[in-house]
Structures are given as C-alpha cells and as structure tokens.
Amino acid sequence: MYNVWENVLAEIEQQISPANFSTWFKDTNLISTDGGHIIIGVKNSFYIKQLRTRFIDLITNSLTKNGVTINDIDFEVQQTTKSKVRPREVTAASDLIKTKVSFKKSQTDNNGLNSKYTLDTFVVGSNNDLAVSAAKSIIDAPGTRYNPFFLYGGPGLGKTHLVQAIGNELLKRNPEYKILYTPISHFYSDFIDAIQNGKGKEFNRKFEKLDCLIIDDFQFIVGKEKSQEEFFNIFNDLYQLNKQIIVTSDRLPSQIKSVDERLASRLTWAGAFDLQLPKFEDKCAILRAKAELMGAEIEPEAIEYIAENVNTNIRDLEGEFSTILLMSEVRGLTPLELINNGSANINKTTKLHPISSKQVVEKVAKYYQLSVAELKSKSRVSNIKTARQVAMFILSKELSMSTTKIATEVGVKDHSTVMHGISKIEKDLKLNFTLRDQVEAIKEKIYG
Ligand code: ADP
Ligand code: MG
C-alpha cells in the first residue's frame with residue numbers, strides 16, 4: 001500500500017547488516033502515517049521492543065528523509081495465519097498490546113487529537129504535579145492565566161500525552177470548541193504546501209477560527225524562518241483574542257537555536273512548566289496504574305524491579321512493562337518468576353551492543369575532536385575536562401564500571417576524581433541541553 005515504505009526499507013537496508021535487515025525488517029509494513037502518528041506493522045510483539053530500542057533512530061531518519069512527518073511511532077502486531085506463539089488464553093497482556101499498538105481506530109479525524117490520551121490515565125507524581133495542575137486550570141478556564149502554556153521536558157516524559165489530554169478534555173466539555181493539535185513539523189510542511197499552491201490565505205484562515213491551538217515538539221522549528229514568522233503571526237492573533245495556545249518542546253525556547261528572541265520570550269510569558277524524570281515512587285505509581293487499567297496481575301516486587309531498572313523515561317518504562325507481561329503470558333510464569341530466573345533481566349536486554357571501555361574513550365575523544373592522549377592528559381582546558389568527565393559518566397552508566405577502573409581508563413588519579421566527574425555531569429545534564437545533546441550523540445555513536 002505504501003510505496004514510501006519500500007524506499008524507507010531500501011534506505012535502512014544500506015545501513016545495517018543483511019542479517020539484521022532480514023531478521024527485523026523483512027516482515028514489516030507501514031500501516032498508517034495519519035496525522036503524523038506513524039504505525040508500523042510487525043509480525044509479533046517481540047519485534048516491537050527490538051525495533052524500538054535498536055532501530056528507532058534509523059526508522060525515524062529514513063522516514064523523515066522520505067518526506068514523512070512524524071509525531072510519534074507505534075507498532076501494531078499484524079495477525080498472520082501462521083502465528084506460532086499462541087497465548088493459551090486471552091489475558092490482560094494481550095489487551096495491553098492491543099491498546100498500546102493500535103490506536104488508529106481511536107483517532108479522530110482532522111483536529112489531530114487522539115482519544116487514547118486522557119487525563120484519567122495520566123498519573124500525577126512529583127515529576128509532573130505542577131504541570132498537571134496548570135493543565136487543570138486551563139481546562140477550567142482556557143485562554144486566561146496559563147496562556148500560552150509552555151510545557152517542556154525530555155523525550156518520553158509525557159508531553160504529548162498531557163497536551164492531548166487537555167485538548168480532549170476541552171472538547172468533552174464543549175463539543176463546539178475548535179481545537180487543532182499539530183506537531184510543528186506538520187505546521188511547517190502544511191505551510192510550505194499552502195504557499196506553493198497559492199493558498200496562504202486559506203492556511204491562515206484555518207488558524208484564525210481556532211479556540212485552542214496545540215503545537216507539539218516546537219524544538220523542530222530550528223532554522224525555518226518563514227514558518228517561524230507565520231507561527232508568530234498566528235500566535236499573536238490568537239493571543240489577542242484570548243484563545244488558548246499550548247506549546248511543547250524538549251527544551252526552553254531560549255535554548256532552541258535560531259528562534260526569534262521576541263517569540264521565545266512570548267512563549268514563556270505565562271511561565272514554563274517542565275516534566276521531569278519520574279522518581280522511583282512515581283515510576284511505581286505509573287506501573288501500578290497501568291496494571292490496574294489492564295487488569296493485569298503483577299507482583300509488587302516485579303513492579304519495583306522494573307521501576308528501579310528503567311531510568312530513561314516513561315515510554316521505556318511502559319515498554320519493559322509490556323515486554324515482561326507478554327513474556328509472562330507466553331511462558332506461563334509470573335513476572336516475578338521471570339525476573340528471578342533471569343529471563344527478564346532489563347539491564348541485560350537493553351544493553352544490546354557490548355562495547356569495550358577503550359572504544360568508549362575513543363568515541364568520546366573523537367566526538368570532542370581530541371586524541372585519546374589529550375583526553376587522558378592532565379589538561380584542565382574546559383572542553384578536554386568536559387570530554388574526560390563525559391567519558392567517566394558513560395563508562396559508569398553504560399558499562400557499569402567501578403570508579404577505580406574508570407580512573408585508570410581516563411587517566412585520572414583516583415576514584416574520588418571520577419565520582420566528582422560523574423556527579424558533575426549528572427548535575428549539568430539537568431539544565432545544560434547542549435551537554436544533553438552531546439551525550440545523546442555520543443551514545444548514538446557508541447550503539448549506532
Ligand atoms: P513525550 O511527548 O514527552 O515524548 P509521551 O507523551 O509520548 O512523551 O509519553 C510517552 C509514553 O508514556 C506514552 O505512552 C504516555 O502515555 C506515557 N506516559 C507519560 N507520562 C505518563 C504519566 N504521568 N502517566 C501515565 N502514562 C504516562
Ligand atoms: Mg511527544
């Protein structure tokens with residue numbers, strides 16, 4: 001059906017080994033790209049995790065290169081006649097897979113809202129309570145106190161869910177309310193389309209009549225001056241009419257390169273709300289809520305194990321959770337039994353590419369355009385020092401090496417210097433988005 005998928009596959013095929021390609025991609029297809037919600041069909045649910053953890057960047061890049069705009073990517077298990085693994089009975093875990101992967105049906109047409117995102121299912125915790133309370137005020141009185149509502153935070157922390165929930169709730173209270181949810185990338189491509197087809201005015205009109213505009217992933221505006229200007233105009237028009245404007249981004253406007261300063265400051269006029277990494281208790285609460293929602297049986301110890309071992313984001317937390325539930329269904333063991341017998345070892349399964357400490361140091365040095373000798377030198381020049389500390393951080397987090405071993409590896413005196421280095425990076429990562437990008441880019445080089 002989708003020619004574009006063939007192009008995407010051709011692209012991917014060039015970038016990974018033939019064995020990987022035929023294992024993971026041969027039986028995939030593109031089910032939908034509606035509204036930027038990409039749905040990829042796979043043979044069975046074990047593929048989902050692999051595709052997500054190992055190949056999601058590759059898939060994203062190839063789709064983008066082929067002109068597909070992406071808001072989020074989901075996977076749907078395609079029913080095939082020769083499916084060998086048949087769960088003995090339909091239990092909660094298979095329901096999960098269904099709700100998780102097939103939201104195409106629950107999607108409404110052209111306002112971009114997806115009814116699967118509700119406030120009821122958004123667990124409130126210390127990582128998001130301020131943002132949620134602002135969201136509730138907006139639902140009660142849109143276009144007033146929190147206008148514009150600027151929500152930011154790293155990937156997989158709930159931005160899309162929360163702003164979609166606001167949209168859905170507003171619509172529920174007033175079905176006449178005109179809402180548009182759009183990722184900024186769609187805004188951009190629609191705008192370019194409209195201009196090219198001489199329909200600039202119509203494009204404008206579409207926004208003029210809105211009561212609420214929700215723009216997702218604003219960070220992708222980078223370097224798109226014309227659409228930025230257009231967005232600024234629309235923003236001003238709506239704002240003056242007290243229409244609610246909601247914008248999400250992975251960082252603050254001032255940290256997005258090439259965003260007009262006036263626009264940047266206006267976006268945060270009413271404050272900026274962030275979604276943070278969930279703490280252990282938050283993660284447990286989220287998992288308990290998911291289990292309850294699905295009516296799934298899972299031991300508290302298993303929930304704690306997952307919460308303790310997934311430290312990236314909520315999307316990954318959900319991913320591990322569904323994998324364990326599914327495995328439990330297929331193997332006929334409880335989640336805790338699987339964890340105890342080692343077959344649900346999250347650390348082992350998420351670290352797919354074994355890599356040596358020497359390679360890590362080399363990659364980090366190369367990223368900062370240094371030689372390994374420079375990285376390991378006693379130099380206190382700031383970028384060399386940063387490179388050294390980033391290396392310590394990655395060796396500790398990704399390879400779980402001891403601080404004493406790390407000291408030898410990066411050429412510092414003792415383990416306390418390493419501990420200091422790691423905690424410095426940990427602290428800086430919270431606020432320094434450039435550093436965050438650097439660490440992500442290095443990890444990509446390591447695992448890519
Ligand atoms: P982002 O847009 O920030 O990348 P998403 O909104 O797509 O993140 O969230 C990733 C996944 O985690 C989604 O499936 C979402 O439903 C879930 N999620 C995030 N935060 C929460 C929460 N507080 N409670 C329940 N589910 C959450
Ligand atoms: Mg999102």
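In this text the structure is predicted, and so the values were computed from the model without any measurement. We count ligands from 1, going down the list as the structure has it; atoms in each ligand are counted the same way.
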Closest heavy-atom approach to atom 2 (O) of ligand 1 among Asp216, Val132, Thr160, Val124 is made by Thr160

Qualifying residues under ring-ring contact (aromatic ring centres under 6.0 Å, His included), relative to [X], sequence neighbours excluded:
X	answer
Phe150	none
Phe203	Phe187, Phe191, Phe207
Phe273	Tyr146, Phe149

Leu157 heavy atom under 4.0 Å from ligand 1 | yes

Centroid separation Phe55 to Phe25 less than 6.0 Å = yes

Determine, using ring centers only, whether Phe231 and Phe218 are less than 6.0 Å apart.
-> yes

With a 3.5 Å cut-off and no angle check, do the side chains of Asp217 and Ser249 form a donor-acceptor pair?
-> no

Would you mind running through ligand 1 and noting each atom that sits below 4.0 Å from a heavy atom of Asn128?
-> 23 (N)

Closest non-hydrogen atom pair between Val123 and Ala285, with its separation = CG1-CB, 4.0 Å

Close to the Mg ion (ligand 2), meaning under 2.8 Å, how many protein N, O or S atoms are there?
-> 1

What part of Thr121, side chain, backbone, both or neither, has a heavy atom within less than 4.0 angstrom of ligand 1?
-> backbone

